[in-house]
Number of protein chains: 2
Amino acid sequence: MNAPPQLKIKVQIHCGDEIAMGPGKADLLEAIRKHGSISAAGRAMNMSYRRAWLLVDTMNRCWQSPLVHAAPGRAQGSGAQLTGMGKRVLAHYRALVQTLEHAAQNADQAALIGLLLPEPRISQKS
Amino acid sequence: MNAPPQLKIKVQIHCGDEIAMGPGKADLLEAIRKHGSISAAGRAMNMSYRRAWLLVDTMNRCWQSPLVHAAPGRAQGSGAQLTGMGKRVLAHYRALVQTLEHAAQNADQAALIGLLLPEPRISQKS
């Protein structure tokens, strides 16, 4: 069975030299909402606590107010929630990505997928 | 002066485990069309000949026929041109990206940009 041809759309929002939002950060926000802590969200995404914390820190510095509120002065397992700002940014980001995925269902995509092989050839012939 | 807030849309077309087309490969195709050789295109993109050649090889293996024709049996400086397939794939890809950039000019993007800082804060306050 061949894997299906696939179009991937990645939306990044840049703030200075930082990436304020992207697919991985949006997934992390959802995992924090689901699991209620940065460490549990990181574990669920197979990501170190340090990496998850750094992504949250970046997000918290790029928007008008922080997206994640973590209970201060407690251990790694302490709780964290999305702020109102976090929920708003996540909702707008997901809606924007959905708009683009819908817009991509057009004749150009159909033409590209029609020209694409299901699997790459092994070696170049030229 | 602050850098402007920025939304970036990256479209990748996957073929099995390979990326058949994306922003870098599309730019490389355009550089080959402009410069008439893989090595000159690589130099113009600040990329080694080996890297440029590998990207071309991947593209040439992922579509129904190769996107780039390189004169066989000659040195690195030999000529290369886009095939008819290469021109078609590049045109559809650029058109698709343009469609998505247009579709992204919506209320969700405006809301996100409105909530984004022009530059990240230095340190987290939470």
Side-chain angles (χ1 to χ4, degrees), chain A residues 2-3 5-22 56-58 60-66 68-70 72 85 88-89 91-100 102-104 106-109 111-126, chain B residues 2-3 5-22 56-58 60-66 68-70 72 85 88-89 91-100 102-104 106-109 111-126:
Chain A
N2 289 322
Q6 228 177 339
L7 185 105
K8 291 192 184 169
I9 300 169
K10 187 172 173 178
V11 178
Q12 288 180 333
I13 300 172
H14 290 247
C15 171
D17 294 333
E18 303 271 21
I19 298 174
M21 189 53 57
V56 167
D57 181 62
T58 299
N60 278 356
R61 291 186 292 103
C62 286
W63 301 89
Q64 286 184 3
S65 62
V68 174
H69 178 262
M85 180 67 71
R88 285 171 70 189
V89 167
H92 285 301
Y93 178 81
R94 290 299 194 203
L96 181 59
V97 171
Q98 196 166 30
T99 296
L100 299 191
H102 183 75
N106 72 359
D108 287 305
Q109 175 174 201
L112 287 164
I113 299 303
L115 297 173
L116 189 67
L117 296 177
E119 292 283 341
R121 280 183 289 272
I122 297 298
S123 66
Q124 187 185 20
K125 300 179 182 179
S126 77
Chain B
N2 289 322
Q6 227 176 341
L7 184 105
K8 291 192 184 169
I9 300 169
K10 186 172 172 180
V11 178
Q12 289 179 335
I13 300 172
H14 291 246
C15 171
D17 293 334
E18 304 271 20
I19 299 175
M21 189 54 56
V56 167
D57 181 61
T58 299
N60 278 356
R61 292 185 292 102
C62 286
W63 301 89
Q64 286 183 3
S65 63
V68 174
H69 177 261
M85 180 67 72
R88 283 171 71 189
V89 168
H92 285 300
Y93 178 81
R94 290 300 194 203
L96 181 59
V97 171
Q98 195 167 29
T99 296
L100 298 191
H102 183 75
N106 72 359
D108 288 304
Q109 175 173 201
L112 287 165
I113 298 304
L115 296 173
L116 190 68
L117 295 177
E119 292 282 340
R121 280 183 288 271
I122 297 297
S123 66
Q124 187 186 19
K125 300 178 182 179
S126 77

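Throughout, a chain's letter reflects where its sequence line sits, starting with A, and its residues are numbered from 1. Quick note: numbers below take in every heavy atom, side chains included, and nothing from hydrogens, waters or symmetry partners. Keep in mind that what you see is a predicted model, and the values were worked out from it rather than measured.
For A:Met85, the part lying near chain B is the side chain, with the backbone staying farther off; criterion is any non-hydrogen pair under 4.5 Å. Only the backbone of A:Ser65 comes within less than 4.5 Å of a heavy atom of chain B; no side-chain atom from C-beta onward does.
Between chain A and the options B:Ala95, B:Ala20, B:Ala91, B:Ala107, heavy-atom pairs under 4.5 Å are most frequent for B:Ala95. Of the listed residues A:Asn106, A:Asp17, A:Leu96, the one with more heavy-atom pairs under 4.5 angstrom with chain B than any other is A:Leu96. Interface remark: of the candidates B:Ile9, B:Leu112, B:Val11, B:Leu112 forms the most heavy-atom pairs closer than 4.5 Å to chain A.
The backbone N or O of B:Gln12 sits nowhere less than 3.5 Å from a side-chain atom of A:Gln6 that would complete a donor-acceptor pair. Remark: the backbone N or O of B:Trp63 is paired with a side-chain donor or acceptor of A:Arg121 at under 3.5 angstrom.
The heavy-atom pair separating A:Leu117 from B:Cys15 by the smallest distance is O-SG, 3.3 Å. Between A:Ala103 and B:Thr99 the shortest heavy-atom distance is O-CG2, 3.9 Å. Nearest heavy atoms, B:Ile13 versus A:Leu7: CG1-CD1, 3.7 Å.
Atoms CD and CD, from B:Glu18 and A:Glu119 in turn, are 9.5 Å apart once rounded to the nearest 0.5 Å. A:Ile19 contributes atom CD1, which lies 8.0 Å from atom NZ of B:Lys8 (distance to the nearest 0.5 angstrom).
Proximity of B:Leu115 to A:Arg88: side-chain heavy atoms (C-beta onward) are separated by under 4.5 Å at one or more points.
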